[in-house]
Amino acid sequence: MSVTHSPENEHSGLLKISSAVFYAFSSFLITIVNKTVLTNFRFPSYMCLGIGQMITTIVVLYAAKMNQTVQFQDFDRSVVFKIFPLPLLYLGNHITGLASTKKLSLPMFTVLRKFTILMTMIMEALILRKTFPRPLVYSVLTIVFGALVAASSDLAFDVGAYTFILLNDVFTAANGVYTKQKLGTDGLGKYGVLFYNALLIVIPTLLASAFTGDLHQAITFQHWAEATFILCFLMSCIMGFVLMYSIVLCSHYNSALTTTVVGAIKNVAVAYMGIFIGGDYLFSWTNFLGLTICMSGGLAYSYLTFTNKGPSESHGNRIPGQLKILIDEDSIEKRSIN
């Protein structure tokens, strides 16, 4: 299996920025739609909502492949080895993300998601062997610090919800980094990664949902006769596909870290809106200050990334002015990043 690498600086600035804006817009919309389905309508199964999004991805991409609109290799045993461990990370990201959306208020969901950025930076250093300019590192730390300030005022602390969101941070970071790595794999590309991710996990997820009784709760949900709920559910399924495509596109033209930071900037806007949407936000000036610090760090990162060369790959040569975040392989075996 051969892998080709396409450095981010080979892509034009327009492609980088437009793919980032597309991802931010898609992520914003699906957060609102999912929150409506899971909280406002009280849909009992975040797992079945994820299944709907997976099925939509499979149907859309298979139809596009049959019409020769997109191309990726046919399924064989090599696909499983090429794409691993993405399906597991994709599944974990879906389930923990939807669960945390249901359990947390919009503002606190977006605040705690900021820790994904630091985790992504560490994983890019470990897996993709990247180094980062010091100002970029400081902007990331600013975002995380702002998240800590905002979270310190949360009066609706929920151990279960916080566990889900932190697990979601880990899965999101790993999924982003490995997606970036797999995009250059022969025979897959953007569409193959999306299609086989969904295909390999939809049946196990469906079986797990049926075994736990989650599927029964979804089928017997009382609002299936309401056109408004059905519309929101279908919008969530469609936006699930659009979101995954936008993530892959943004990661292809930028880096996994940039994709994560773009999501964080979008999330601050969602947090501000959460004051008026959802009805479960407990306002405090400490929280507001923390969100503003997060936004400042995110804007600084965006300026540094889109006006200069972003994170660059390092194979032993340290570039002046960069902070080298590389960890010896011996120490990796003794540690786990959580």
Side-chain angles (χ1 to χ4, degrees), residues 1-8 10-12 14-16 18-23 25-27 30 50-95 97 120 123-124 127-128 171-206 234 236-256 258-260 262-263 313:
M1 178 181 67
S2 61
V3 178
T4 58
H5 297 280
S6 178
E8 292 110 31
E10 290 183 359
H11 302 300
S12 69
L14 179 60
L15 286 174
K16 290 182 177 181
S18 59
S19 63
V21 171
F22 176 47
Y23 164 56
F25 182 69
S26 302
S27 183
I30 196 172
I51 291 172
Q53 295 172 356
M54 297 173 205
I55 292 175
T56 302
T57 299
I58 294 170
V59 171
V60 170
L61 288 179
Y62 183 77
K65 180 178 172 62
M66 291 298 98
N67 292 329
Q68 298 184 341
T69 304
V70 302
Q71 294 181 349
F72 51 88
Q73 78 171 75
D74 296 330
F75 182 80
D76 57 42
R77 286 183 295 178
S78 68
V79 169
V80 178
F81 296 100
K82 285 181 179 180
I83 206 168
F84 187 83
L86 274 183
L88 297 179
L89 298 174
Y90 180 85
L91 177 61
N93 188 29
H94 248 79
I95 293 177
T120 301
M123 289 185 184
E124 279 198 328
I127 298 169
L128 303 182
F171 280 119
T172 301
N175 186 67
V177 172
Y178 276 104
T179 295
K180 179 67 177 179
Q181 185 186 64
K182 300 296 183 180
L183 284 174
T185 303
D186 290 341
L188 290 181
K190 299 187 294 293
Y191 303 108
V193 167
L194 283 173
F195 181 80
Y196 288 117
N197 256 337
L199 182 65
L200 291 174
I201 63 176
V202 66
I203 295 179
T205 307
L206 188 60
L234 292 177
S236 176
C237 292
I238 294 171
M239 287 306 304
F241 162 70
V242 173
L243 175 64
M244 293 310 301
Y245 176 69
S246 69
I247 290 173
V248 168
L249 202 65
C250 188
S251 297
H252 174 69
Y253 289 124
N254 297 283
S255 67
T258 297
T259 301
T260 306
V262 169
E313 295 183 41

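Scope of the values below: all heavy atoms of this structure, side chains included, with no hydrogens, waters or symmetry mates. These numbers come from a predicted model, not from an experiment.
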K.L.:
Hey, mind stepping through Thr259 and Asn254 against side chain to side chain donor-acceptor pair (under 3.5 Å) and telling me if it holds?
P.N.:
CA-CA 7 Å; Thr259 301; Asn254 297 283; 5.6 Å; no
K.L.:
Using side-chain heavy atoms (C-beta onward) and a distance below 4.5 Å, is Val202 in contact with Ile58?
P.N.:
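With C-beta onward as the side chain, the pair touches.
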K.L.:
Over all heavy atoms of both residues, which pair between Lys180 and Ser251 is shortest? Give the atoms and the distance, please.
P.N.:
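Heavy atoms only, the tightest pair is NZ-O, 2.8 Å.
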K.L.:
Would you compute the distance between atom CZ of Phe75 and atom CG of Leu199 and round it to the nearest 0.5 angstrom?
P.N.:
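Spacing of CZ (Phe75) from CG (Leu199) equals 7.0 Å.
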K.L.:
Is the backbone N or O of Tyr23 less than 3.5 Å from a side-chain atom of Ser27, with the two atoms forming a donor-acceptor pair by type?
P.N.:
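The answer is no, because no donor-acceptor pair under 3.5 Å joins these two groups.
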K.L.:
Main chain of Val60, side chain of Lys65: is a donor-acceptor contact present, judged purely on distance under 3.5 Å?
P.N.:
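No, the answer is negative, given that no donor and acceptor are paired below the 3.5 Å cut-off.
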K.L.:
Rounded to the nearest 0.5 Å, what separates atom CG in Leu86 from atom CG in Asn197?
P.N.:
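It is 5.0 Å, given to the nearest 0.5 Å.
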K.L.:
Within this structure, what is the CZ-CG distance for the pair Phe195 and Leu200, rounded to the nearest 0.5 Å?
P.N.:
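Taking CZ in Phe195 and CG in Leu200, the distance rounds to 9.0 Å.
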K.L.:
Between Gln53 and Phe241, does a side chain to side chain contact (heavy atoms under 4.5 Å, CB included) hold up when you go through it step by step?
P.N.:
CA-CA 6 Å; Gln53 295 172 356; Phe241 162 70; over 6 Å; no
K.L.:
Got a sec: does the CG of Leu234 have more than 12 other heavy atoms crowding it under 6.0 Å?
P.N.:
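Yes, the 6.0 Å shell around CG holds more than 12 heavy atoms from other groups.
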K.L.:
List the atom of Val79, the atom of Asp74, and the distance in Å for their closest heavy-atom pair.
P.N.:
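Closest heavy-atom pair between Val79 and Asp74: CG2-O, 4.0 Å.
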K.L.:
Write down the atom of Ser255, the atom of Glu124, and the distance for their closest heavy-atom approach.
P.N.:
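Taking every non-hydrogen atom into account, CB-OE2, 3.8 Å.
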K.L.:
Let's go through Ser78 and Gln73 carefully: what are the C-alpha distance in whole Å and the side-chain angles of both, what is the deciding distance for side chain to side chain contact (heavy atoms under 4.5 Å, CB included) to 0.1 Å, and is it a yes or a no?
P.N.:
CA-CA 10 Å; Ser78 68; Gln73 78 171 75; 3.6 Å; yes
K.L.:
Rounded to the nearest 0.5 Å, what's the gap from NE2 on His252 to NZ on Lys16? Could you check?
P.N.:
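Those atoms lie 11.5 Å apart.
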K.L.:
Quick one: do Asn67 and Thr69 satisfy side chain to side chain donor-acceptor pair (under 3.5 Å)? Show the steps, please.
P.N.:
CA-CA 5 Å; Asn67 292 329; Thr69 304; 5.0 Å; no
K.L.:
Nearest 0.5 Å please: distance from the OG1 atom of Thr179 over to the CD1 atom of Ile247.
P.N.:
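Interatomic distance, Thr179 OG1 to Ile247 CD1, rounded to 0.5 Å: 8.0 Å.
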K.L.:
Looking only at non-hydrogen atoms, find the nearest pair between Ile127 and Tyr178 and report the distance.
P.N.:
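Shortest heavy-atom contact: CD1-CE1, 3.6 Å.
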K.L.:
Return the CZ to CG distance between Phe22 and Leu243, rounded to the nearest 0.5 Å.
P.N.:
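Atom-to-atom, Phe22:CZ and Leu243:CG are 9.0 Å apart.
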K.L.:
Is NZ or CZ of Lys190 both nearer than 6.0 Å to the six-membered ring centre of Tyr245 and within 45° of the ring axis?
P.N.:
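Output no; distance or angle outside limits.
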K.L.:
Minimum heavy-atom separation for Ser26 to Ser246, with atom names?
P.N.:
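Closest heavy-atom pair between Ser26 and Ser246: CB-OG, 3.7 Å.
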